[in-house]
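Submitted below is the structure of interest, expressed as C-alpha coordinates.
Letters go in sequence order (proteins before strands), and every chain restarts at 1. It should be emphasised that the depicted structure is a prediction, and the values quoted were computed from it without experimental measurement.
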2 protein chains.
Amino acid sequence: MTTPSRSRKKTISAARDALPASTGLDLGPLPGLLGYALRRAQVAVFADFMASFAALDLRPAQFSVLLLIRQNPGCKQSDVAEALGILRPNFVAMMDELDHRGLTQRTTSKGDRRSYAIFLTQAGEALLDAAMKVVAEHEARLTSAMKPGEPEKFLDLLARIERAVPAR
Amino acid sequence: MTTPSRSRKKTISAARDALPASTGLDLGPLPGLLGYALRRAQVAVFADFMASFAALDLRPAQFSVLLLIRQNPGCKQSDVAEALGILRPNFVAMMDELDHRGLTQRTTSKGDRRSYAIFLTQAGEALLDAAMKVVAEHEARLTSAMKPGEPEKFLDLLARIERAVPAR
DNA sequence: TATTGTTATACTCTATAACTATA
DNA sequence: TATAGTTATAGAGTATAACAATA
(Lines give C-alpha, C1' and ligand atoms only; values in the text may rest on other atoms or scores of the structure.)
Protein backbone atom coordinates (compact mmCIF):
# COMPACT_ATOMS: atom_id res chain seq x y z
CA MET A 1 0.00 0.00 0.00
CA THR A 2 1.12 3.52 -0.74
CA THR A 3 0.56 6.62 1.32
CA PRO A 4 -0.93 9.75 -0.26
CA SER A 5 2.55 11.33 -0.11
CA ARG A 6 3.39 14.89 0.83
CA SER A 7 3.17 16.30 -2.68
CA ARG A 8 -0.34 14.88 -3.15
CA LYS A 9 -1.60 16.74 -0.12
CA LYS A 10 -0.72 20.04 -1.76
CA THR A 11 -2.51 18.92 -4.91
CA ILE A 12 -5.73 18.20 -3.09
CA SER A 13 -6.14 21.70 -1.76
CA ALA A 14 -5.21 23.11 -5.16
CA ALA A 15 -7.82 20.93 -6.85
CA ARG A 16 -10.35 21.92 -4.22
CA ASP A 17 -10.05 25.48 -5.44
CA ALA A 18 -10.10 24.43 -9.05
CA LEU A 19 -13.31 22.35 -8.85
CA PRO A 20 -15.93 24.52 -7.18
CA ALA A 21 -18.72 22.66 -5.45
CA SER A 22 -21.29 25.21 -6.66
CA THR A 23 -23.16 24.39 -3.43
CA GLY A 24 -21.45 25.27 -0.17
CA LEU A 25 -20.64 21.67 0.72
CA ASP A 26 -17.12 20.62 1.65
CA LEU A 27 -16.01 17.99 -0.87
CA GLY A 28 -13.12 16.87 1.30
CA PRO A 29 -10.52 14.69 -0.47
CA LEU A 30 -12.86 14.01 -3.41
CA PRO A 31 -11.44 16.61 -5.88
CA GLY A 32 -7.95 15.22 -5.28
CA LEU A 33 -8.92 11.70 -6.35
CA LEU A 34 -7.86 10.90 -9.92
CA GLY A 35 -10.91 8.71 -10.47
CA TYR A 36 -13.30 11.44 -9.36
CA ALA A 37 -11.67 14.17 -11.45
CA LEU A 38 -11.49 11.80 -14.41
CA ARG A 39 -15.19 11.04 -14.18
CA ARG A 40 -16.19 14.69 -13.80
CA ALA A 41 -14.17 15.65 -16.87
CA GLN A 42 -15.52 12.74 -18.90
CA VAL A 43 -19.14 13.62 -18.04
CA ALA A 44 -18.57 17.24 -19.04
CA VAL A 45 -16.82 16.28 -22.28
CA PHE A 46 -19.52 13.75 -23.14
CA ALA A 47 -22.20 16.39 -22.60
CA ASP A 48 -20.37 18.80 -24.90
CA PHE A 49 -19.96 16.07 -27.51
CA MET A 50 -23.65 15.19 -27.43
CA ALA A 51 -24.71 18.84 -27.59
CA SER A 52 -22.38 19.37 -30.56
CA PHE A 53 -23.85 16.39 -32.40
CA ALA A 54 -27.50 17.08 -31.59
CA ALA A 55 -27.95 18.81 -34.96
CA LEU A 56 -26.65 15.71 -36.77
CA ASP A 57 -28.72 13.42 -34.51
CA LEU A 58 -25.62 11.37 -33.77
CA ARG A 59 -24.62 10.01 -30.38
CA PRO A 60 -20.97 9.31 -29.50
CA ALA A 61 -21.30 5.55 -30.03
CA GLN A 62 -22.96 6.04 -33.41
CA PHE A 63 -20.19 8.37 -34.51
CA SER A 64 -17.51 5.85 -33.60
CA VAL A 65 -19.40 3.09 -35.40
CA LEU A 66 -19.62 5.11 -38.62
CA LEU A 67 -15.94 5.97 -38.32
CA LEU A 68 -14.90 2.34 -37.88
CA ILE A 69 -17.03 1.19 -40.81
CA ARG A 70 -15.47 3.81 -43.09
CA GLN A 71 -12.04 2.78 -41.85
CA ASN A 72 -12.79 -0.93 -42.35
CA PRO A 73 -15.25 -1.27 -45.23
CA GLY A 74 -16.75 -4.74 -45.55
CA CYS A 75 -15.94 -5.72 -41.99
CA LYS A 76 -18.20 -7.85 -39.81
CA GLN A 77 -20.68 -6.52 -37.22
CA SER A 78 -18.99 -8.41 -34.43
CA ASP A 79 -15.60 -6.89 -35.17
CA VAL A 80 -16.92 -3.34 -34.88
CA ALA A 81 -18.83 -4.16 -31.73
CA GLU A 82 -15.83 -5.80 -30.11
CA ALA A 83 -13.45 -3.00 -31.09
CA LEU A 84 -15.75 -0.47 -29.43
CA GLY A 85 -16.55 -2.57 -26.37
CA ILE A 86 -20.22 -2.89 -27.36
CA LEU A 87 -21.81 -6.25 -26.59
CA ARG A 88 -23.03 -8.02 -29.68
CA PRO A 89 -26.68 -8.23 -28.60
CA ASN A 90 -26.77 -4.48 -27.97
CA PHE A 91 -25.11 -3.75 -31.28
CA VAL A 92 -27.94 -5.22 -33.33
CA ALA A 93 -30.40 -2.41 -32.59
CA MET A 94 -27.69 0.17 -33.25
CA MET A 95 -26.97 -1.25 -36.70
CA ASP A 96 -30.70 -1.54 -37.38
CA GLU A 97 -31.15 2.17 -36.73
CA LEU A 98 -28.16 3.19 -38.85
CA ASP A 99 -29.49 0.96 -41.62
CA HIS A 100 -33.02 2.37 -41.39
CA ARG A 101 -31.58 5.88 -41.55
CA GLY A 102 -29.85 4.89 -44.75
CA LEU A 103 -26.36 5.51 -43.35
CA THR A 104 -25.06 1.93 -43.50
CA GLN A 105 -25.72 -1.18 -45.53
CA ARG A 106 -25.43 -4.85 -44.63
CA THR A 107 -24.65 -7.16 -47.56
CA THR A 108 -24.56 -10.91 -46.95
CA SER A 109 -20.94 -11.79 -47.52
CA LYS A 110 -20.26 -14.38 -50.22
CA GLY A 111 -17.67 -16.33 -48.27
CA ASP A 112 -19.41 -16.90 -44.93
CA ARG A 113 -23.18 -16.77 -45.23
CA ARG A 114 -23.83 -16.25 -41.52
CA SER A 115 -21.99 -12.93 -41.33
CA TYR A 116 -22.64 -9.53 -42.93
CA ALA A 117 -20.18 -7.30 -44.70
CA ILE A 118 -21.04 -3.76 -43.66
CA PHE A 119 -20.40 -0.51 -45.52
CA LEU A 120 -21.28 3.16 -45.36
CA THR A 121 -23.80 4.40 -47.91
CA GLN A 122 -23.18 7.70 -49.69
CA ALA A 123 -25.46 9.34 -47.12
CA GLY A 124 -23.38 7.73 -44.38
CA GLU A 125 -20.17 9.03 -45.90
CA ALA A 126 -21.64 12.52 -46.19
CA LEU A 127 -22.89 12.51 -42.59
CA LEU A 128 -19.52 11.29 -41.35
CA ASP A 129 -17.79 14.07 -43.31
CA ALA A 130 -19.98 16.59 -41.52
CA ALA A 131 -19.38 14.81 -38.21
CA MET A 132 -15.60 15.04 -38.62
CA LYS A 133 -15.89 18.82 -38.81
CA VAL A 134 -18.06 18.92 -35.69
CA VAL A 135 -15.65 16.67 -33.82
CA ALA A 136 -12.72 18.88 -34.84
CA GLU A 137 -14.51 21.89 -33.32
CA HIS A 138 -15.29 19.84 -30.22
CA GLU A 139 -11.64 18.81 -29.87
CA ALA A 140 -10.54 22.39 -30.42
CA ARG A 141 -12.75 23.38 -27.48
CA LEU A 142 -11.02 20.79 -25.30
CA THR A 143 -7.54 21.86 -26.30
CA SER A 144 -8.35 25.58 -26.04
CA ALA A 145 -7.29 25.55 -22.40
CA MET A 146 -4.03 23.74 -23.13
CA LYS A 147 -0.57 24.90 -24.07
CA PRO A 148 1.39 23.41 -26.99
CA GLY A 149 2.39 19.83 -26.22
CA GLU A 150 -0.17 19.38 -23.47
CA PRO A 151 -2.77 17.54 -25.58
CA GLU A 152 -0.14 14.95 -26.46
CA LYS A 153 0.93 14.72 -22.81
CA PHE A 154 -2.71 14.28 -21.79
CA LEU A 155 -3.30 11.47 -24.32
CA ASP A 156 -0.15 9.78 -23.08
CA LEU A 157 -1.27 9.97 -19.45
CA LEU A 158 -4.73 8.60 -20.33
CA ALA A 159 -3.22 5.67 -22.21
CA ARG A 160 -0.84 4.90 -19.33
CA ILE A 161 -3.67 5.04 -16.77
CA GLU A 162 -5.72 2.67 -18.89
CA ARG A 163 -2.84 0.24 -19.05
CA ALA A 164 -2.03 0.60 -15.35
CA VAL A 165 -5.40 -0.84 -14.41
CA PRO A 166 -6.01 -4.62 -14.53
CA ALA A 167 -8.72 -6.33 -16.65
CA ARG A 168 -6.65 -5.79 -19.86
CA MET B 1 -13.30 26.71 -36.87
CA THR B 2 -9.89 25.25 -36.06
CA THR B 3 -7.83 22.81 -38.05
CA PRO B 4 -6.38 19.67 -36.41
CA SER B 5 -2.92 21.33 -36.57
CA ARG B 6 0.36 19.76 -37.55
CA SER B 7 1.40 18.69 -34.07
CA ARG B 8 -1.85 16.78 -33.55
CA LYS B 9 -1.17 14.59 -36.56
CA LYS B 10 1.94 13.22 -34.94
CA THR B 11 -0.02 12.53 -31.77
CA ILE B 12 -2.61 10.44 -33.55
CA SER B 13 -0.14 7.90 -34.87
CA ALA B 14 1.60 7.74 -31.51
CA ALA B 15 -1.67 7.09 -29.71
CA ARG B 16 -2.60 4.49 -32.31
CA ASP B 17 0.39 2.45 -31.17
CA ALA B 18 -0.40 3.05 -27.53
CA LEU B 19 -4.04 1.95 -27.62
CA PRO B 20 -4.15 -1.49 -29.24
CA ALA B 21 -7.45 -2.40 -30.88
CA SER B 22 -7.22 -5.99 -29.56
CA THR B 23 -9.15 -6.95 -32.69
CA GLY B 24 -7.47 -6.31 -36.01
CA LEU B 25 -9.69 -3.37 -36.94
CA ASP B 26 -8.19 -0.04 -37.95
CA LEU B 27 -9.40 2.56 -35.45
CA GLY B 28 -8.38 5.45 -37.67
CA PRO B 29 -8.30 8.85 -35.96
CA LEU B 30 -10.29 7.57 -32.95
CA PRO B 31 -7.36 6.97 -30.53
CA GLY B 32 -6.11 10.49 -31.17
CA LEU B 33 -9.38 12.10 -30.09
CA LEU B 34 -9.22 13.45 -26.54
CA GLY B 35 -12.87 12.59 -25.90
CA TYR B 36 -12.40 8.99 -26.99
CA ALA B 37 -9.23 8.46 -24.96
CA LEU B 38 -10.83 10.16 -21.98
CA ARG B 39 -13.85 7.89 -22.12
CA ARG B 40 -11.75 4.72 -22.52
CA ALA B 41 -9.64 5.64 -19.50
CA GLN B 42 -12.69 6.55 -17.42
CA VAL B 43 -14.41 3.25 -18.22
CA ALA B 44 -11.28 1.31 -17.26
CA VAL B 45 -10.79 3.28 -14.04
CA PHE B 46 -14.45 2.92 -13.11
CA ALA B 47 -14.24 -0.83 -13.61
CA ASP B 48 -11.17 -1.03 -11.38
CA PHE B 49 -12.90 1.09 -8.75
CA MET B 50 -16.00 -1.11 -8.74
CA ALA B 51 -13.95 -4.29 -8.59
CA SER B 52 -11.95 -2.87 -5.69
CA PHE B 53 -15.12 -1.99 -3.78
CA ALA B 54 -17.02 -5.21 -4.53
CA ALA B 55 -15.92 -6.67 -1.18
CA LEU B 56 -17.37 -3.64 0.64
CA ASP B 57 -20.52 -3.71 -1.54
CA LEU B 58 -20.04 -0.03 -2.34
CA ARG B 59 -20.51 1.61 -5.72
CA PRO B 60 -18.66 4.80 -6.65
CA ALA B 61 -21.70 7.03 -6.08
CA GLN B 62 -22.33 5.46 -2.66
CA PHE B 63 -18.72 6.03 -1.67
CA SER B 64 -18.90 9.70 -2.60
CA VAL B 65 -22.18 10.10 -0.71
CA LEU B 66 -20.72 8.64 2.48
CA LEU B 67 -17.66 10.84 2.09
CA LEU B 68 -19.73 14.00 1.68
CA ILE B 69 -21.91 13.17 4.67
CA ARG B 70 -18.85 12.64 6.88
CA GLN B 71 -17.41 15.90 5.58
CA ASN B 72 -20.69 17.77 6.16
CA PRO B 73 -22.49 16.15 9.10
CA GLY B 74 -26.07 17.29 9.51
CA CYS B 75 -26.39 18.51 5.93
CA LYS B 76 -29.53 18.19 3.83
CA GLN B 77 -30.22 15.46 1.28
CA SER B 78 -30.61 17.98 -1.52
CA ASP B 79 -27.22 19.52 -0.87
CA VAL B 80 -25.42 16.18 -1.18
CA ALA B 81 -27.37 15.26 -4.29
CA GLU B 82 -26.68 18.61 -5.94
CA ALA B 83 -22.97 18.57 -5.05
CA LEU B 84 -22.62 15.16 -6.71
CA GLY B 85 -24.81 15.90 -9.71
CA ILE B 86 -27.44 13.38 -8.64
CA LEU B 87 -31.04 14.41 -9.29
CA ARG B 88 -33.12 14.66 -6.14
CA PRO B 89 -35.70 12.03 -7.16
CA ASN B 90 -32.95 9.50 -7.86
CA PHE B 91 -31.20 10.27 -4.60
CA VAL B 92 -34.13 9.10 -2.46
CA ALA B 93 -33.64 5.40 -3.21
CA MET B 94 -29.88 5.76 -2.64
CA MET B 95 -30.39 7.25 0.82
CA ASP B 96 -33.04 4.62 1.58
CA GLU B 97 -30.54 1.85 0.86
CA LEU B 98 -27.76 3.46 2.91
CA ASP B 99 -30.25 3.92 5.75
CA HIS B 100 -31.49 0.33 5.58
CA ARG B 101 -27.90 -0.88 5.66
CA GLY B 102 -27.42 1.10 8.85
CA LEU B 103 -24.71 3.31 7.35
CA THR B 104 -26.56 6.64 7.54
CA GLN B 105 -29.28 8.19 9.63
CA ARG B 106 -31.88 10.83 8.77
CA THR B 107 -33.03 12.94 11.71
CA THR B 108 -35.81 15.48 11.18
CA SER B 109 -34.05 18.78 11.64
CA LYS B 110 -35.46 21.04 14.38
CA GLY B 111 -35.25 24.26 12.38
CA ASP B 112 -36.89 23.28 9.08
CA ARG B 113 -39.32 20.40 9.47
CA ARG B 114 -39.48 19.53 5.77
CA SER B 115 -35.77 18.68 5.52
CA TYR B 116 -33.63 15.98 7.09
CA ALA B 117 -30.29 16.39 8.77
CA ILE B 118 -28.20 13.40 7.67
CA PHE B 119 -25.29 11.76 9.49
CA LEU B 120 -23.09 8.69 9.29
CA THR B 121 -23.75 5.98 11.86
CA GLN B 122 -20.80 4.30 13.60
CA ALA B 123 -21.13 1.49 11.05
CA GLY B 124 -21.06 4.11 8.29
CA GLU B 125 -17.92 5.69 9.74
CA ALA B 126 -16.26 2.29 9.99
CA LEU B 127 -17.18 1.33 6.43
CA LEU B 128 -15.91 4.67 5.13
CA ASP B 129 -12.64 4.16 7.01
CA ALA B 130 -12.21 0.83 5.25
CA ALA B 131 -13.23 2.44 1.96
CA MET B 132 -10.58 5.13 2.28
CA LYS B 133 -7.91 2.44 2.44
CA VAL B 134 -9.31 0.72 -0.63
CA VAL B 135 -9.47 4.00 -2.54
CA ALA B 136 -5.88 4.77 -1.59
CA GLU B 137 -4.81 1.44 -3.09
CA HIS B 138 -6.92 2.16 -6.16
CA GLU B 139 -5.32 5.58 -6.58
CA ALA B 140 -1.89 4.07 -6.10
CA ARG B 141 -2.64 1.71 -8.97
CA LEU B 142 -3.51 4.70 -11.19
CA THR B 143 -0.39 6.63 -10.27
CA SER B 144 1.87 3.58 -10.54
CA ALA B 145 2.46 4.36 -14.21
CA MET B 146 3.26 8.01 -13.52
CA LYS B 147 6.41 9.87 -12.64
CA PRO B 148 6.61 12.34 -9.75
CA GLY B 149 4.57 15.44 -10.51
CA GLU B 150 2.50 13.78 -13.22
CA PRO B 151 -0.56 13.05 -11.04
CA GLU B 152 -0.77 16.75 -10.19
CA LYS B 153 -0.31 17.67 -13.85
CA PHE B 154 -3.04 15.21 -14.79
CA LEU B 155 -5.50 16.64 -12.23
CA ASP B 156 -4.74 20.10 -13.51
CA LEU B 157 -5.41 19.10 -17.13
CA LEU B 158 -8.68 17.41 -16.17
CA ALA B 159 -9.88 20.49 -14.29
CA ARG B 160 -8.95 22.74 -17.19
CA ILE B 161 -10.75 20.50 -19.70
CA GLU B 162 -13.84 20.53 -17.54
CA ARG B 163 -13.79 24.31 -17.39
CA ALA B 164 -13.04 24.64 -21.13
CA VAL B 165 -16.36 23.03 -21.98
CA PRO B 166 -19.61 25.09 -21.81
CA ALA B 167 -22.64 24.19 -19.63
CA ARG B 168 -20.93 25.54 -16.47
C1' DT C 1 -45.48 31.13 -4.00
C1' DA C 2 -41.17 28.33 -3.21
C1' DT C 3 -38.69 24.38 -1.25
C1' DT C 4 -37.86 19.35 0.61
C1' DG C 5 -38.62 14.94 0.08
C1' DT C 6 -41.17 11.85 -2.44
C1' DT C 7 -43.68 8.83 -6.10
C1' DA C 8 -44.33 7.42 -10.66
C1' DT C 9 -42.55 6.87 -14.93
C1' DA C 10 -39.67 6.52 -18.99
C1' DC C 11 -35.62 6.29 -21.62
C1' DT C 12 -30.86 4.97 -22.34
C1' DC C 13 -26.88 1.73 -21.42
C1' DT C 14 -25.35 -2.31 -20.13
C1' DA C 15 -25.41 -7.40 -19.18
C1' DT C 16 -26.76 -12.50 -19.71
C1' DA C 17 -29.08 -16.54 -21.53
C1' DA C 18 -30.65 -18.76 -25.33
C1' DC C 19 -32.25 -19.32 -30.03
C1' DT C 20 -31.21 -19.82 -35.60
C1' DA C 21 -28.49 -20.58 -39.30
C1' DT C 22 -24.54 -21.42 -40.78
C1' DA C 23 -19.65 -23.35 -40.49
C1' DT D 1 -18.72 -28.15 -31.64
C1' DA D 2 -18.13 -23.24 -32.58
C1' DT D 3 -19.40 -18.73 -34.59
C1' DA D 4 -22.53 -14.57 -36.39
C1' DG D 5 -26.47 -12.47 -35.82
C1' DT D 6 -30.47 -12.26 -33.22
C1' DT D 7 -34.27 -12.16 -29.49
C1' DA D 8 -35.80 -11.54 -24.94
C1' DT D 9 -35.01 -9.76 -20.68
C1' DA D 10 -33.23 -7.56 -16.65
C1' DG D 11 -30.64 -4.20 -14.23
C1' DA D 12 -28.32 0.09 -13.60
C1' DG D 13 -28.21 5.15 -14.41
C1' DT D 14 -30.55 9.21 -15.68
C1' DA D 15 -34.49 12.32 -16.89
C1' DT D 16 -39.13 14.90 -16.08
C1' DA D 17 -43.76 15.79 -14.02
C1' DA D 18 -46.35 16.09 -10.10
C1' DC D 19 -47.79 15.50 -5.32
C1' DA D 20 -47.79 16.39 0.13
C1' DA D 21 -45.86 18.80 3.85
C1' DT D 22 -43.73 22.80 5.18
C1' DA D 23 -41.83 27.43 4.72
**Report entry** Heavy-atom check, side chain of Q77(B) versus side chain of R106(B), under 4.5 Å
**Finding:**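 They are in contact (side-chain heavy atoms under 4.5 Å apart), so the answer is yes.
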Query raised in the report: Can you name the residues that form a side chain to side chain contact (heavy atoms under 4.5 Å, CB included) with A61(A), not counting sequence neighbours?
Result: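 By the side chain to side chain contact (heavy atoms under 4.5 Å, CB included) rule, A61(A) matches M94(A).
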Give me, pair by pair, the N or O atoms of the protein and of nucleotides 12-14 of chain C that are less than 3.5 Å apart, along with how far apart they are.
from    : atom 1 : to     : atom 2 : distance (Å)
dC13(C) : OP2    : R59(A) : NH1    : 3.4

Requested in this report: Tell me, please, which residues at least two apart from R113(B) pass salt bridge (charged side-chain N to carboxylate O under 4.0 Å, His left out).
Outcome: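 R113(B) satisfies salt bridge (charged side-chain N to carboxylate O under 4.0 Å, His left out) with no other residue.
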Query raised in the report: Roughly how many Å is it from CD in Q42(B) to P in dG13(D), rounded to a whole number?
Result: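 Whole-Å distance recorded here is 13 Å.
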Query raised in the report: Heavy atom of residues 103-121 of chain A under 4.0 Å from DNA chain D: which residues?
Result: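 Output list: R106(A), R114(A), S115(A), Y116(A).
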**Report entry** side-chain hydrogen bond (donor to acceptor under 3.5 Å, both in side chains) against N90(B), all qualifying residues, sequence neighbours excluded
**Finding:**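 If we apply the side-chain hydrogen bond (donor to acceptor under 3.5 Å, both in side chains) test to N90(B), skipping adjacent residues, there are no hits.
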**Report entry** Heavy-atom pair with the smallest gap, counting every atom of V45(A) and H138(A)
**Finding:**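 Scanning both residues completely, I find the closest heavy atoms to be O-CE1, 3.5 Å.
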Any protein N or O atoms within reach of nucleotides 17-20 of chain D? Criterion: under 3.5 Å, listing atom names and distances.
none

**Report entry** Nucleotide dT6(D), atom P - distance to CG of D96(A) in whole Å
**Finding:**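 So the CG-P distance, D96(A) to dT6(D), works out to 6 Å.
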Report task. Sequence neighbours left out, what passes side chain to side chain contact (heavy atoms under 4.5 Å, CB included) with V134(A)? Give chain and number order. Result ->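 With sequence neighbours excluded, V134(A) shows a side chain to side chain contact (heavy atoms under 4.5 Å, CB included) to S52(A), F53(A), L56(A), given in chain and number order.
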Query raised in the report: Who are the side chain to side chain contact (heavy atoms under 4.5 Å, CB included) partners of F119(A), not counting sequence neighbours?
Result: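 Result, side chain to side chain contact (heavy atoms under 4.5 Å, CB included) vs F119(A): P73(A), T107(A), A117(A).
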Query raised in the report: Just how far, in rounded Å, is C1' of dA21(D) from CD of Q77(B)?
Result: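 Value for this atom pair: 15 Å.
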Query - Whole-Å gap separating P (dA17(C)) and CZ (R88(A)) - result: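 Distance check: R88(A) CZ to dA17(C) P gives 13 Å.
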Query raised in the report: Within less than 4.0 Å of OP1 or OP2 of dG5(D), is there a side-chain N or O belonging to S78(A)?
Result: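 For dG5(D), OP1 or OP2 has a side-chain N or O of S78(A) closer than 4.0 Å.
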Query raised in the report: dT7(D) P sits how many Å from M95(A) CE, rounded?
Result: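 Going from M95(A) (CE) to dT7(D) (P), I get 14 Å.
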Requested in this report: With sequence neighbours excluded, tell me which residues meet side chain to side chain contact (heavy atoms under 4.5 Å, CB included) with A44(A).
Outcome: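 By the side chain to side chain contact (heavy atoms under 4.5 Å, CB included) rule, A44(A) matches E162(B), V165(B).
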Report task. Not counting sequence neighbours, which residues clear salt bridge (charged side-chain N to carboxylate O under 4.0 Å, His left out) with R39(B)? List them please. Result ->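 Checked R39(B) against salt bridge (charged side-chain N to carboxylate O under 4.0 Å, His left out); zero matches.
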Query raised in the report: To the nearest angstrom, how far is M94(B) atom CE from dT4(C) atom C1'?
Result: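 To the nearest whole Å, that distance equals 18 Å.
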Query raised in the report: Whole Å only: how far is the CG atom of D79(B) from the P atom of dT4(C)?
Result: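 Rounding to the nearest Å, CG of D79(B) and P of dT4(C) are 8 Å apart.
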Query raised in the report: K76(A) side chain N/O closer than 4.0 Å to the phosphate oxygens (OP1, OP2) of dG5(D)?
Result: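 K76(A) to dG5(D) OP1/OP2: no side-chain N or O under 4.0 Å.
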Query raised in the report: Tracing side-chain links under 4.5 Å among I, L, V, M, F, W and Y, which residues wind up in one group with M50(B)?
Result: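 In the cluster with M50(B) are F46(B).
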Query raised in the report: Can you check the E82(A) CD to dG5(D) P distance for me, whole Å?
Result: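 In whole Å, dG5(D) P lies 12 Å from E82(A) CD.
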**Report entry** Listed partners of E97(B) passing salt bridge (charged side-chain N to carboxylate O under 4.0 Å, His left out), at least two apart
**Finding:**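 Residues passing salt bridge (charged side-chain N to carboxylate O under 4.0 Å, His left out) with E97(B): R59(B), R101(B).
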